[in-house]
Amino acid sequence: MQNKAKFRKDYKKPNFIVSDIFLDVQLDPQKTVVTATSQYERVNPETTELRLDGHSFQFSSLKFNNQPFHSYQQDDSGLTLDLKGIDATKFSLEIVTILTPAANTSLQGLYQSGEGICTQCEAEGFRQITYMLDRPDVLARYTTKITADKQKYPYLLSNGNKVASGDLEDGRHWVEWQDPFPKPCYLFALVAGDFDVLQDSFTTKSGRNVALELFVDRGNLDRADWAMQSLKRAMKWDEERFGLEYDLDIYMIVAVDFFNMGAMENKGLNIFNSKFVLANPQTATDEDYIAIESVIAHEYFHNWTGNRITCRDWFQLSLKEGLTVFRDQEFTADLWSRAGKRIEDVRFLRANQFAEDASPMSHPIRPEKVIEMNNFYTLTVYEKGAEVIRMMHTLLGEELFQKGMQLYVAEQDGKAATCDDFVSAMQRASGIDLSQFRYWYSQSGTPELTVTDSYDEEQRRYTLTIAQLTPVTTDQMEKVNLHIPVKVALYDQQGHAVAAETVLSLTQNEQTFAFDDIATKPVPALLCDFSAPVKLQYAYSTKQMIHLLRYAENHFVRWDVAQMLFAQVLRHNVTQYHQGKEFEFPAEILSEFYQLIEHYQQESELTALILTLPKATEFAELFKTIDPDAISAVRDFMQQTLAEQLKPALLKAYNSINLNQYEVTAEHIALRAMRNLCLNYLAYTSVGNTLVQKHYEYANNMTDTLAALAAATKSQVPCAEVLLADFEAKWQHDGLVMDKWFALQATRPEADVLENVQKLMDHPSFNFNNPNRVRSLIGVFANQNLKAFHNLDGRGYRFLTDILIRLNESNPQVAARLIEPLIRFSRYDGQRQTLMKRALERLNQVENLSADLFEKIEKALGR
Ligand code: B3K
Ligand code: ZN
């Protein structure tokens, strides 16, 4: 029953709609009583049956128009009401359910987090609270009355505006909330707890005053400021760049410790994983600061792209997620550095989304078939979805894109829309034909572009021939040609741009583009700014790559050719490894890097990004069949060689950077990144131990502390143990900070790293029911420690399987995320494949296998 697939093509309009819901919640962690009184309307007069979704609670009673009603059938996923012979045009249902939030470890529906109680309803969690038409195209107005113990839960929150409150004689109190905006039930939220509150306000461009409230656990106010400032920046930016203004009188954010993902955009009441709220210089790194700002913005931006305009059905998820990721990426780019943001996003996409698209989970950004919706909050729907929006932006330009946005908002406000509605608005507003472009929504897989060129001296003509091919994926055997924007520029031998950046529209299988009036054979900069989420093949010589590294105006291009240089060294040496030959590192590349460091002051952010050696897992994506041992050995060699050969320049740069005061500014972040990049390499040289120890000792912020600790553990300098112990002693009371320590432990290069990880599961700061801890220790081990997890003794696989069996019971959603490295077995050699498949078979035998795990195992084993 629960493992039944749903198909996009089967979408049907609802037979009934709900206009209003009154929720009376008598809250208690052991026994919560929910009385839901809803106004239904039948919109399909033919129907005599009302099917409601609901499970995981105790069903107490049902009334139809205030009368007890018994004409229903209950099963393990819902309730079917038989309305034959009854006037059911308009009616009310009163449903009473009983819940136990304290026992709900799935962290969906209503659950206890720490001392508080909160909800998570997206995608289908509301049905764990009461019976409901739990689908995003049923929009209702909510009134929520919460009653609970006043001392334990002084704050009782829900969506919308507070309309009434009062005290009861038994020590309980109640608050009533009303949300004037009709919404799908996945946007419902409720929070009860004792918090410290940071209050602020924002005046919208039309002059309305919005109260801003940020709720954090008591004692955490000193870590709340950055999130609040971020919110205000996001509100302002959305008005300026997209013309979109906030609509309610109050905006609340609550930080909780137990949360399955990053955050949730519930109308007027965002609930956040505390990881994406809490920050001060002592506890958060520069990276954390930027991530917090971006998630705060992302959830805020959903108020328009997600809440005001929601999805017709869950297959359309990218309508709100792809678009909102695009919006948060643009926000960060506008506020910080456009090139830096682009580089980080592309690095992430290539290492993770490309891998997903080459896995059994491959699916289009608008999936066709789903068993467990939570499995489709993927990098494909989110990140590739954002790339698809970005390509439209590239094809239309900012002005026409904004025109398209305005049309989309005007047409769809207050409705549940589809991806087609969005593209259609873009096409009509711009007059640009997007008919072929739409295939990006239905086709999975990473397209491959093969580029060849020729130069005709006599005609002074340079031609680029670009061919496209999307290799078949597990979900889709037939592929079509896509409309791909390819941004290119041409450089002459002196490094001058002889053809400025221009967007070529590739629509056919193979196309030739000519550039006239080109005096000498140029070097092409291809896919500038990563204008499309594709893999690119062009036979660059080392000389050409170095030329672009030096002269390209586009910072992304410069970073990208450095990636190609690293890839070239890696590939060559993996072959050497397999042939038992010595490793080599071309001197011309080393000297180019040396020069870059010498001149880092011109562009410290870019230099640090260029010289960051890709992680083993990033390198792995360059291969069809991954050899973890070879990749790790070569990467170690590259790290060591770069460290030794660049040492004088690294030391000089390191010593030239002195930041006394910690400031979260673009300039300081870039300089810290550069200094810590130097430290990271220098740790592998003779000065390593002393330098790392000093760096740790003098650090006045978490960015530097963690940089020292990471450098120490990765390079295995003698002081590593002492520093790890010092950090542990200092932070063991704080799970969020300890996550950084757990993650470092999980990626240690020592041979006994797995035993260590297993031991750490008993650490007082570890908690198996907290997804952040599980991800930091176990997730990082399985996903980032390429060598140890894939050890041929098979212990890494067995360990993960044991964990997954436990999580299948306690938190299937987290289990389904964690299983990813196992289902990707086809990327490894036969021996590892056998071991990994054995692990999956074992999981498959588990009784009560959740839909979440079932769906992925089924796909992986090809059933
Ligand atoms: N919309 C939520 C994600 C919900 C995930 C449900 N499994 C957060 C976001 O994307 O903003
Ligand atoms: Zn989102």
Side-chain angles (χ1 to χ4, degrees), residues 104 106-109 111 118-128 134-136 159 183-189 227 230-231 234 238 251 253-256 258-273 275-277 291-311 313-332 345 361 365 367 370-386 389 416 419 771 775 807 811-818 820 850-853 855-856:
N104 182 0
S106 75
L107 314 189
Q108 304 180 70
Y111 67 92
C118 66
T119 51
Q120 172 54 36
C121 294
E122 190 179 2
E124 296 174 335
F126 192 82
R127 63 182 66 179
Q128 291 182 226
D134 189 353
R135 44 188 287 170
N159 319 85
K183 63 169 177 284
C185 64
Y186 82 84
L187 289 173
F188 169 79
S230 300
L231 174 61
D238 212 15
Y251 193 89
I253 295 178
V254 184
V256 301
F258 290 70
F259 208 65
N260 278 344
M261 61 274 167
M264 179 62 211
E265 70 263 25
N266 316 299
K267 183 78 189 187
L269 176 58
N270 288 183
I271 300 180
F272 268 64
N273 186 327
K275 173 180 165 65
F276 291 110
V277 173
I292 288 168
E293 184 186 68
S294 137
V295 179
I296 295 265
H298 178 100
E299 306 312 331
Y300 173 73
F301 297 154
H302 267 316
N303 190 55
W304 276 98
T305 52
N307 301 3
R308 290 285 289 252
I309 304 172
T310 190
C311 301
D313 54 76
W314 288 124
F315 298 100
Q316 316 294 330
L317 180 60
S318 203
L319 174 72
K320 74 175 176 83
E321 294 305 345
L323 179 54
T324 305
V325 171
F326 170 77
R327 277 152 53 68
D328 84 51
Q329 289 176 345
E330 284 298 292
F331 167 71
T332 304
D345 288 341
M361 264 302 283
I365 64 168
V370 164
I371 294 178
E372 171 51 60
M373 189 52 214
N374 285 323
N375 282 341
F376 288 85
Y377 287 76
T378 58
L379 297 158
T380 299
V381 167
Y382 275 65
E383 316 303 322
K384 186 178 177 184
I389 304 287
C419 297
R775 282 187 285 256
L807 281 172
N811 190 333
Q813 215 179 310
V814 169
R817 295 255 160 187
L818 226 58
E820 279 295 327
S850 59
D852 314 57
L853 283 179
E855 180 169 38
K856 292 197 172 183

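First listed ligand is number 1; within each ligand, the first listed atom is number 1.
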Under the ring pair (Phe, Tyr, Trp, His ring centres under 6.0 Å) test, residues paired with Y111 that sit two or more places apart: none
Partner set under ring pair (Phe, Tyr, Trp, His ring centres under 6.0 Å) for F272, not counting sequence neighbours: none
Rounded to 10°, the NE2/H298 to the Zn ion (ligand 2) to NE2/H302 angle comes out at 100°
Lys/Arg N to Asp/Glu carboxylate O, R127 vs E124, below 4.0 Å: yes
According to ring pair (Phe, Tyr, Trp, His ring centres under 6.0 Å), who are the partners of F259, at least two apart in sequence or on a separate chain? none
Say you draw a straight line from NE2 of H302 to CD of E321; how long is it, rounded to the nearest 0.5 Å? 3.5 Å
The Zn ion (ligand 2) to E321: any N/O/S contact under 2.8 Å? yes
Under a 3.5 Å cutoff, is there a donor and acceptor pairing between the side chains of N374 and E372? yes
In chain-and-number order, ligand 1 lies under 4.0 Å from a heavy atom of each of E122, A123, M261, A263, M264, E265, H298, E299, H302, K320, E321, N374, Y377, Y382, Q813
Residue pair N375 / E855, side-chain donor-acceptor N/O under 3.5 Å: yes
